[in-house]
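This chain uses plain numbering: 1 for the first residue, then up along the sequence.
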Amino acid sequence: MTVLVHHATSDAHAAVAFPDENDNDGDEFPTNKPSSINYFSSNLSDSTPEFETSSARLRRRSYKIKRNAIALAIDKSLDLCDNDHIENDPYKWSGMDCRVIPDHIFYKLAVRASSSFTSQRELIKRSTFILMCSLTVLAGMIWGVMYALLDEKIAAIMPFLYSAINGASLASCTIEGRYEMFVRIQLCLILLLPYTVHFALGGWQESGGVMLWSFLAPLGSVFFRSSSESLRWFQVYIVTSIAILLGGCVSIMDSISSTIPSALCGYWIMNIVGVTTIVYFAAFLFARELEIEYARSEELLHNILPVSIAKRIKAGELPIVDNLDSATILFADLVGFTKASAQMNPNILIGAFLRDVFSEFDRLVERRGLEKIKTIGDAYMVAAGLNGSSTENSHHAVEIMNIAAEMFQVMSKVNKRYDMQFEIRVGVHTGPVIAGVIGIKKFAYDVWGNTVNTASRMESHGMPGFIHLSQEMYNLVLDMPGFNIACRGQSSIKGLGLMTTYLAKPIPRRCSDILMW
């Protein structure tokens, strides 16, 4: 299959200016003019599966473009990247100075046992837990051999039985993807087996303190599961250990012939339970703080990048270039804001008013499941239909129209709050776009293409209080309820020539009444 990588003669909207009502033309905003230059062609043997999801198709296409770009850099000797950064498998190249994808056997087993939605952090935890379980299998076999040599037949059977159950559960986990069942079985075995051997050998002294191995169950849970779940395992461990030690105190004291059996029994409990309790709670507090900090960093990351894009970057996929057949772009601009910023206190105008406007816009975007791309000065950019969320362009258009209507209501509410009279000008267009993340520093998710240019021009050539629609957008929403739509006729759009456009005005109503059409 031959993949062609085309180049646009200019950036889509990197230097776009959003003029106020006194400067409707704005700064120069070049349009994308796709070139037919074939930068690189390579025969790729992989073919498109008959049944392939949108996200899988985007990921595959992104990998192919990246693979071509790497090959171009090598064959043409372009100084685009250091060859030392490119691994043998270009699918794993991340553009960074380190390998970010583990490739050891335990990580591969964790991947096989997990769903495709499992995070990279969770995969690392699972691979480490599988490693620990594998080592306990080895330890169980060693103990079984030792007990057999000592002619402790019952005690020898138990470690071998544990190894067999462990191996069977691990096989079931990797083949059928039942990790949750696997981890519960393992923790139960790690907790119960040492106690069983303890009784089989006759007590603490005879078993050599083998029951201490049970402590691995709560300790492993705190690192490889969650701190809250590990508390339950520790409670079972501590209660069981104290009960066994108290029950064996009489026999232990008799064998030692102690004159103070009660005190010595307390020493046994303190030395065994006390040390493990201190170690556990130190690990518990450490793991809980890590979980809190990780949650904070994830929240911050997801406020910067879409969740699906963040996962792909953490998995080592960079750059990300997704060709989307259909998406809808919205630009909204506060009319007259630039002039007002030179006359008003910035702490009030930007620190309070604009903050509240954009915060309300953010809530609308989140509630409707759309994607905020960026804010540029007093302009706000939203996209619908990215990341393979839907392939129905009419659905994108309707979502964008609904959020545009809600934006007008937000402006009215915030204006009343601050006694302002600002209006917004909205422009929308629908069509194919390119979305992704490029570069290796300060990542930003962005979109490129003529659709973005056209949406920006719809906004800059629009009218305050109206949604300016292109012909393509109008064709998708002409029967949509809740809007009065009128043809504006043909007008000259800078960089795009003569275009027939339309003006839409939301019919006044409460935000809660806006229907999903």
Side-chain angles (χ1 to χ4, degrees), residues 13-14 53-56 58-59 61-63 65-66 85 91-103 107 110-111 114-128 223-228 286-322 324 327 329 355 358-376 379-390 403 433-448:
H13 59 274
T53 62
S54 299
S55 59
L58 295 177
R59 188 181 181 91
R61 193 177 297 173
S62 176
Y63 277 139
I65 294 174
K66 176 172 30 176
H85 293 174
Y91 283 77
K92 292 184 179 180
W93 181 73
S94 66
M96 303 180 191
D97 294 337
C98 61
R99 175 187 288 268
V100 297
I101 302 178
D103 60 352
Y107 181 84
V111 171
S114 306
S115 69
S116 58
F117 301 101
T118 305
S119 67
Q120 188 74 8
R121 173 176 177 266
E122 181 63 23
L123 285 175
I124 293 174
K125 291 172 65 174
R126 293 184 178 189
S127 65
T128 310
F223 286 113
F224 307 126
R225 297 294 288 170
S226 66
S227 57
S228 58
F286 176 75
R288 189 178 65 175
E289 290 302 315
L290 280 182
E291 291 174 358
I292 295 174
E293 188 60 32
Y294 177 79
R296 289 173 180 168
S297 63
E298 285 292 288
E299 182 180 3
L300 177 61
L301 178 63
H302 295 160
N303 279 331
I304 300 173
L305 295 170
V307 176
S308 60
I309 297 299
K311 288 182 179 179
R312 290 167 66 180
I313 292 177
K314 289 194 291 184
E317 184 184 352
L318 192 70
I320 294 175
V321 182
D322 294 335
L324 299 164
I329 308 297
R355 176 205 63 191
F358 283 176
S359 296
E360 292 292 336
F361 286 179
D362 289 345
R363 294 186 183 97
L364 296 179
V365 170
E366 183 178 13
R367 181 164 61 86
R368 291 199 169 271
L370 306 182
E371 198 62 58
K372 172 187 175 181
I373 302 300
K374 64 173 74 174
T375 59
I376 311 171
Y380 194 93
M381 181 180 177
V382 182
L386 304 183
N387 302 318
S389 59
S390 176
I403 197 173
V433 299
I434 300 171
V437 179
I438 57 176
I440 60 174
K441 298 291 184 181
K442 296 184 178 180
F443 300 135
Y445 186 64
D446 212 341
V447 291
W448 301 269

Separation between CD (E366) and CZ (R363), nearest 0.5 Å, reads 9.0 Å
According to the interplanar angle, ranging from 0 to 90°, do the rings of F358 and Y380 count as parallel (below 30°), tilted (30 to 60°) or perpendicular (above 60°)?
tilted
Ignoring hydrogens, what is the shortest heavy-atom contact between I124 and T128? Give both atom names and the distance.
O-OG1, 2.8 Å
For a quick test of reading the model, state the closest non-hydrogen atom pair linking V433 to A327 and the distance between them.
CG2-CB, 3.8 Å
More than 12 heavy atoms from other groups under 6.0 Å of CD on E298:
yes
Which atom pair, heavy atoms only, marks the closest approach of E317 to I320?
O-CG1, 3.4 Å
Minimum heavy-atom distance S127-A110, with the two atoms named
N-CB, 3.6 Å
Should F443 and L318 be marked as a side-chain contact (heavy atoms from CB on, under 4.5 Å) after you check the CA-CA gap, both sets of side-chain angles, and the distance that decides it?
CA-CA 10 Å; F443 300 135; L318 192 70; 3.5 Å; yes
Here the pair of heavy atoms bringing S114 nearest to L123 is OG-CD2, 3.6 Å
Steps toward salt bridge (charged side-chain N to carboxylate O under 4.0 Å, His left out) verdict (E299, R296):
CA-CA 5 Å; E299 182 180 3; R296 289 173 180 168; over 6 Å; no
Flag if over 12 foreign heavy atoms under 6.0 Å of OH, Y294
yes
Point-to-point distance, once rounded to the nearest 0.5 Å, from CD1 of I304 to NZ of K442
11.0 Å
Side chain proximity check, V447 to M381, heavy atoms < 4.5 angstrom:
yes
For A384 and L370, the nearest pair of non-hydrogen atoms, with its separation, is CB-CD2, 3.7 Å
Quick one: pull up CZ in R225 and CD in E122 and give me the separation to the nearest 0.5 Å.
7.0 Å
Straight-line distance of L300 CG to L305 CG, nearest 0.5 Å:
10.0 Å
Could you tell me if the side chain of D322 sits less than 4.5 Å from the side chain of R312, heavy atoms only?
yes
Do L386 and Y445 make a side-chain contact, defined as non-hydrogen atoms from C-beta onward lying under 4.5 Å apart?
yes
In terms of side-chain heavy atoms, does S227 have a donor or acceptor partner in E291 at a distance below 3.5 Å?
yes
